[in-house]
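In what follows, residues are counted from 1 in the order of the sequence shown.
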Amino acid sequence: MSVSRPAVHPLEAPQPTDGAAVAPPHRVMMKDVQGMPGTPGGLALRVCQLILSAVSLSVMASTSDFPSVTAFRYLVAAVSLQSFWSLTLAVIDVYALLVGRSLRSPRVASLFTIGDGITSTLTFAAASASAGITVLIGNDLDLCNVNHCRRFMSATAMAFMCWFAVSPSFFLNFWSLASR
């Protein structure tokens, strides 16, 4: 039994000689840059964000007097939201890596971009407000011996480092969305 197989022979388009306009080249998809969703670098950023926000949350929650200051309550709320967001996206990244899926669709990229933008803004604002209060308590009022200044400062520092870890995720997602 003889089975014929199709043969594919590439053809080259003839070059225009009469000065006609050349057709635009096909759009080339951008390669996955490490740090984008669905890459090992993206997963590493999400895990780093999760760890830093969870440490900030646990340090701040371990003090008994953080609810007395509104900025510290705001920090706890912001890093709680950041922890939840980072955990959710880390699980999605693990799934994408295990299954081999690409997270480059416009809807997914816009969802990740908006979420990262909101959580990074909230985390930065909360860390900045908490830093102002810790400076007020420590330097201006000189009440560090009465309060948990070291814990407040370390929780604020962790929140700033979390923001530094969220920023590359936001910019890479925004870049991916803008390059479409």
Side-chain angles (χ1 to χ4, degrees), residues 21-61 66 69-136 151-180:
V22 178
H26 295 286
R27 291 190 76 183
V28 178
M29 291 292 290
M30 182 176 63
K31 292 183 180 179
D32 284 337
V33 177
Q34 288 300 317
M36 294 177 107
T39 63
L43 178 61
L45 277 174
R46 294 296 174 191
V47 169
C48 184
Q49 294 164 18
L50 177 63
I51 289 170
L52 290 169
S53 62
V55 167
S56 177
L57 175 65
S58 62
V59 167
M60 190 58 82
F66 88 86
V69 179
T70 305
F72 294 152
R73 284 187 277 166
Y74 178 45
L75 179 69
V76 168
V79 295
S80 297
L81 179 66
Q82 182 64 54
S83 297
F84 177 72
W85 178 253
S86 297
L87 177 65
T88 302
L89 293 187
V91 168
I92 292 171
D93 278 345
V94 167
Y95 171 75
L97 287 171
L98 290 176
V99 176
R101 291 267 169 102
S102 175
L103 298 175
R104 303 257 328 246
S105 72
R107 286 185 183 180
V108 172
S110 62
L111 176 72
F112 286 6
T113 303
I114 292 169
D116 282 340
I118 290 170
T119 57
S120 68
T121 302
L122 290 175
T123 303
F124 181 72
S128 297
S130 296
I133 295 298
T134 56
V135 167
L136 175 72
R151 289 185 184 178
F152 294 152
M153 288 179 192
S154 63
T156 302
M158 290 295 144
F160 272 117
M161 289 192 291
C162 179
W163 175 72
F164 280 119
V166 174
S167 296
S169 297
F170 170 71
F171 287 121
L172 286 171
N173 287 328
F174 187 72
W175 179 39
S176 172
L177 189 62
S179 67
R180 297 206 178 271

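Heavy-atom contacts from other residues, nucleotides or ligands closer than 6.0 Å to OH of Tyr74 number more than 12. Remark: Phe160 CZ is packed, more than 12 non-hydrogen atoms of other residues, nucleotides or ligands lying under 6.0 Å away.
At least one donor-acceptor pair closer than 3.5 Å links the side chain of Ser154 to the backbone N or O of Arg151. Distance alone, capped at 3.5 Å, places no donor-acceptor pair between the Ser86 side chain and the Ser83 backbone. Under a 3.5 Å cut-off, the side chain of Thr119 and the backbone N or O of Gln82 do not form any donor-acceptor pair. Side-chain atoms of Ser56 do not come within 3.5 Å of backbone N or O of Leu52 as any donor-acceptor pair.
Among residues at least two apart or in separate chains, salt bridge (Lys or Arg N to Asp or Glu O under 4.0 Å) pairs with a member in residues 34-46 are Arg46-Asp116.
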Before giving the answer on side-chain contact (heavy atoms from CB on, under 4.5 Å), spell out for Val166 and Thr123 the whole-Å C-alpha distance, their side-chain angles and the decisive distance to 0.1 Å. CA-CA 9 Å; Val166 174; Thr123 303; 5.7 Å; no
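Residues satisfying the ring-ring contact (aromatic ring centres under 6.0 Å, His included) criterion with Phe152, sequence neighbours excluded, are Phe72. Applying the side chain to side chain donor-acceptor pair (under 3.5 Å) test to Arg101 and every residue at least two apart in sequence or in another chain returns nothing.
For the side-chain contact (heavy atoms from CB on, under 4.5 Å) with Asn173, the lone residue among Leu111, Thr113, Val108 that qualifies is Thr113.
Using bins of under 30°, 30° to 60° and over 60° for the plane-to-plane angle, the ring pair Phe124/Trp163 lands in the tilted bin.
Arg73 and Thr70 are linked by a side-chain donor-acceptor pair at a separation below 3.5 angstrom, with hydrogens and angles left out of the test.
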